[in-house]
Amino acid sequence: MPLKVIKKVYVGMSGGVDSSVTAALLQQQGYAVTGVYMKNWSQDLPGFTCPWKEDYQDAKRVAVQLGIAFKMYDFEAEYRQRVVDYMVAGYQAGITPNPDIMCNQEVKFKLFLQAALDDGADAIATGHYARIVYDGADSLAGSAGSASLLAGLDPNKDQSYFLYRVTAQALSHSLMPIGDLQKPAVRALAKKLGLATAEKKDSQGICFVGKVGIKDFLLAELGPQTPGPIVDPAGKTIGEHDGALFYTIGQRHGLDVGGGLPYYVVGKDMAKNEVYVTTDLQDGRLWRRDVRLTSLHWINQPPTADRPYQVRTRYRAPLIGCHVRGGAGPADQLTVLLDDDVRAITPGQSAVLYDGPRVVGGGIVI
RNA sequence: UGGGGCGUGGCCAAGUGGUAAGGCACCAGUUUUUGGUACUGGCAUUCGGGGGUUCGAAUCCCUCCGCCCCAG
């Protein structure tokens with residue numbers, strides 16, 4: 001949707017600085033802004049109190065300060081089903097899913113967007129460090145669905161990695177105003193405006209669930225798991241793990257095996273409930289020069305084999321030059337050939353292709 | 001029960017008379033809207049037990065215990 005047509009914007013306010021400043025900026029720019037707190041999770045976990053009430057209050061406090069409308073959408077049931085269940089099922093299957101990517105795809109840019117539009121909004125906005133541009137933005141007659149996603153301008157905070165599964169259609173109804181800013185500038189702005197969340201620490205951990213270790217979370221969800229052997233390259237059992245599903249490729253800590261050099265997880269066999277480790281950082285199983293992807297998603301056009309791209313295999317990882325393999329193969333799969341060896345490519349995680357600053361899309365590592 | 005070797009924090013391991021390196025693990029913190037990685041800090045009043053020599057020992061002596069190897 002051409003920018004000029006957007007009047008009413010619903011801003012997803014999490015109770016953090018970024019979304020607070022997002023709301024403030026849009027208001028300054030003349031949009032009719034409504035703040036929305038998405039209640040996606042409220043469950044306390046052993047030793048961890050869910051901060052949703054506090055976050056809700058912070059979001060509301062900022063809305064009141066700005067004098068904008070404020071409401072709450074309750075997506076707990078859907079979040080549970082589409083994000084948490086997806087994540088837990090993935091771990092049980094032995095892969096390492098990325099719940100936040102699913103949260104963006106299913107909740108923020110699908111449920112939230114739809115609910116906002118149904119409520120009369122022209123667009124939603126989020127506090128992501130990413131940019132949305134319109135092909136042919138000069139001629140505002142550009143057709144719907146021509147929106148593209150670009151990396152945020154602050155290289156330290158760029159969150160476009162988490163957004164590669166959002167559709168162009170959804171992007172065309174979305175705004176991410178802080179994508180043009182550096183994080184320090186956002187903080188400074190919040191301070192200058194006296195926003196209640198100006199000094200609030202950035203949130204971490206699973207989006208909405210909070211700063212809970214994944215192991216503790218899975219333990220709470222699934223209960224204790226069956227212990228099994230930790231096996232070294234020689235085939236020798238050097239320790240015992242408390243459930244293979246808790247471990248992920250490249251992981252170093254949590255194995256409780258010491259002596260000499262650190263051990264890194266290089267693989268696991270869910271059927272045998274075995275975890276494989278090595279102390280050799282050169283171990284071939286730890287490095288890959290190609291990645292096979294499935295569940296592909298392209299925002300605009302799929303990549304073509306005749307030209308170079310860059311790929312990111314984990315959040316904040318440096319971009320690696322790459323090409324996609326053309327020719328035969330399942331339509332829903334793609335092989336990406338990397339210019340360099342990449343460590344600990346992990347099934348379940350996402351690889352995101354970039355064409356310069358533009359997010360082409362990506363897929364999930366097999 | 002002949003010969004040789006060893007026993008230092010959970011693990012690996014320096015240190016052979018001068019008052020316990022280092023690494024791994026673990027714990028805490030930092031970085032980080034997933035997992036993971038990385039970074040910083042903490043972590044043996046004590047060197048298998050007991051005696052002794054010495055101003056002073058994990059380091060020398062005696063003895064006991066426990067392992068390992070070669071012989072049997």
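Just so it is clear: chains get the letters A, B, ... in the order the sequence lines come, proteins before strands, and each one is counted from 1.
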Original post:
Does any N or O in the side chain of A:H241 come within less than 3.5 Å of the main-chain N or O of A:P229, such that one atom is a donor and the other an acceptor?
Top reply: yes
Original post:
For the pair made of OH in A:Y263 and P in B:C26, what is the distance, rounded to whole Å?
Top reply: 13 Å
**OP:** Could you give the distance separating B:U54 and B:A21 at their P atoms, to the nearest angstrom?
**Re:** 28 Å
**OP:** Give a yes/no on whether any side-chain N or O of A:K183 is located under 4.0 angstrom from OP1 or OP2 of B:U31.
**Re:** no
Original post:
On a whole-Å scale, what distance lies between the P atoms belonging to B:G29 and B:U16?
Top reply: 39 Å
Original post:
Short question: side chain of A:Y247, backbone of A:G254 - any donor-acceptor pair under 3.5 Å?
Top reply: yes
Return the polar atom pairs (N/O with N/O) between nucleotides 9-13 of chain B and the protein under 3.5 Å, or none.
unit_1	atom_1	unit_2	atom_2	d
B:C11	O2'	A:G258	O	3.4
B:C11	O2	A:G259	N	3.1

Original post:
Would you say A:N98 and A:Y161 make side-chain contact, with heavy atoms under 4.5 Å?
Top reply: yes
Subject >> Integer angstrom distance from the P of B:A14 to that of B:G9 >> reply: 13 Å
**OP:** Return the set of residues passing side chain to side chain contact (heavy atoms under 4.5 Å, CB included) with A:M72 (not counting sequence neighbours), or none when no residue passes.
**Re:** A:Y37, A:K39, A:W52, A:Y56
Subject >> Same-atom distance (P) from B:U63 to B:C55, integer angstrom >> reply: 24 Å
Original post:
Roughly how many Å is it from CG in A:L245 to C1' in B:G36, rounded to a whole number?
Top reply: 15 Å
Subject >> Proximity to the side chain of A:R252 - top-ranked nucleotide from B:U30, B:C24, B:G35 >> reply: B:C24
**OP:** Specify the separation, in whole Å, of atom CD of A:Q251 and atom P of B:G35.
**Re:** 11 Å
Subject >> Nearest-angstrom distance from the residue atom CD1 of A:I230 to C1' of B:C24 >> reply: 13 Å
**OP:** Provide the distance between the two C1' atoms, one in B:U8 and one in B:U46, to the nearest whole Å.
**Re:** 9 Å
Original post:
Expressed in whole Å, how much space separates the P atoms belonging to B:G52 and B:G15?
Top reply: 29 Å
Subject >> Whole-Å gap separating C1' (B:G36) and CZ (A:F162) >> reply: 12 Å
**OP:** Under 4.0 Å between any heavy atoms, over every strand shown, what does A:K157 touch: base, sugar-phosphate, or nothing? Just pick one.
**Re:** sugar-phosphate
Subject >> Set of residues satisfying ring-ring contact (aromatic ring centres under 6.0 Å, His included) with respect to A:Y315, sequence neighbours excluded >> reply: A:F162
Subject >> C1' spacing across the pair B:U59 / B:A38, given as an integer number of angstrom >> reply: 39 Å
Original post:
A:Y247 or A:P262: which one's nearest nucleotide on RNA chain B is closer to the 5' end?
Top reply: A:P262
Can you give me every donor-acceptor pair (side chain of residues 345-353 of chain A, partner residue at least two apart or in another chain, under 3.5 Å) with its distance?
unit_1	atom_1	unit_2	atom_2	d
A:T346	OG1	A:A344	O	2.9
A:Q349	NE2	A:T96	O	2.8
A:S350	OG	A:Y164	OH	2.7

Original post:
Are A:F246 and A:Y264 connected, step by step, through hydrophobic side chains (Ile, Leu, Val, Met, Phe, Trp, Tyr) whose heavy atoms are closer than 4.5 Å?
Top reply: no
Subject >> Distance below 4.0 Å between A:R316 side-chain N/O and B:G36 OP1 or OP2 >> reply: no
Subject >> B:U34 OP1/OP2 closer than 4.0 Å to side-chain N/O of A:R314 >> reply: no
**OP:** Establish, from distance only, whether the side-chain atoms of A:T278 and A:D280 form a donor-acceptor pair under 3.5 Å.
**Re:** no
Subject >> Counterpart residues, salt bridge (charged side-chain N to carboxylate O under 4.0 Å, His left out), relative to A:D158 (two or more places apart) >> reply: A:R312
Subject >> Length of the CG-P vector between A:L255 and B:G36, whole Å >> reply: 12 Å
**OP:** Indicate whether OP1 or OP2 belonging to B:G36 is found under 4.0 Å from a side-chain N or O atom of A:H253.
**Re:** no
Original post:
Which whole number of Å gives the distance between the P atom of B:G22 and that of B:C62?
Top reply: 33 Å
Original post:
How do A:I249 and A:D158 order along RNA chain B: which one's closest nucleotide is nearer the 5' end?
Top reply: A:D158
Original post:
Judged by modelled atom types alone, do A:Y263 and A:D256 share a side-chain donor-acceptor pair under 3.5 Å?
Top reply: no
Original post:
Has the side chain of A:Q349 got a donor or acceptor that lies under 3.5 Å from a partner of the other kind on the base of B:U34?
Top reply: yes
Original post:
B:A38 phosphate, OP1 or OP2: any side-chain N/O from A:Y264 under 4.0 angstrom?
Top reply: yes
Original post:
Once Watson-Crick and G-U wobble pairs under 3.5 Å are found, how is RNA chain B written in dot-bracket notation, 5' to 3', with | for any base paired to another strand?
Top reply: .(((((((.[[[..)..(...]]].(((((.......))))).....[[[[[..)....]]]]]))))))..
Original post:
Is NZ or CZ of A:R358 both nearer than 6.0 Å to the six-membered ring centre of A:Y354 and within 45° of the ring axis?
Top reply: no
Original post:
Hey, is the main chain of A:T22 close enough, under 3.5 Å, to the side chain of A:S19 for a donor-acceptor pair?
Top reply: no
**OP:** Could you tell me the separation between the OH atom of A:Y276 and the C1' atom of B:G36, rounded to a whole number of Å?
**Re:** 20 Å
**OP:** Could you check which of B:A38, B:U30, B:U34 has an atom nearest any side-chain atom of A:R343?
**Re:** B:A38
Original post:
Whole Å only: how far is the CD1 atom of A:I364 from the C1' atom of B:U34?
Top reply: 12 Å
Subject >> Check: B:G36 base within 3.5 Å donor-acceptor of A:T346 side chain >> reply: no
Original post:
Which part of the nucleic acid, if any, lies within reach of A:I101 when heavy atoms closer than 4.0 Å are counted: base, sugar-phosphate only, or nothing?
Top reply: nothing
Original post:
How is A:G254 classified with respect to the nucleic acid when contacts are heavy atoms under 4.0 Å: base, sugar-phosphate, or nothing?
Top reply: sugar-phosphate
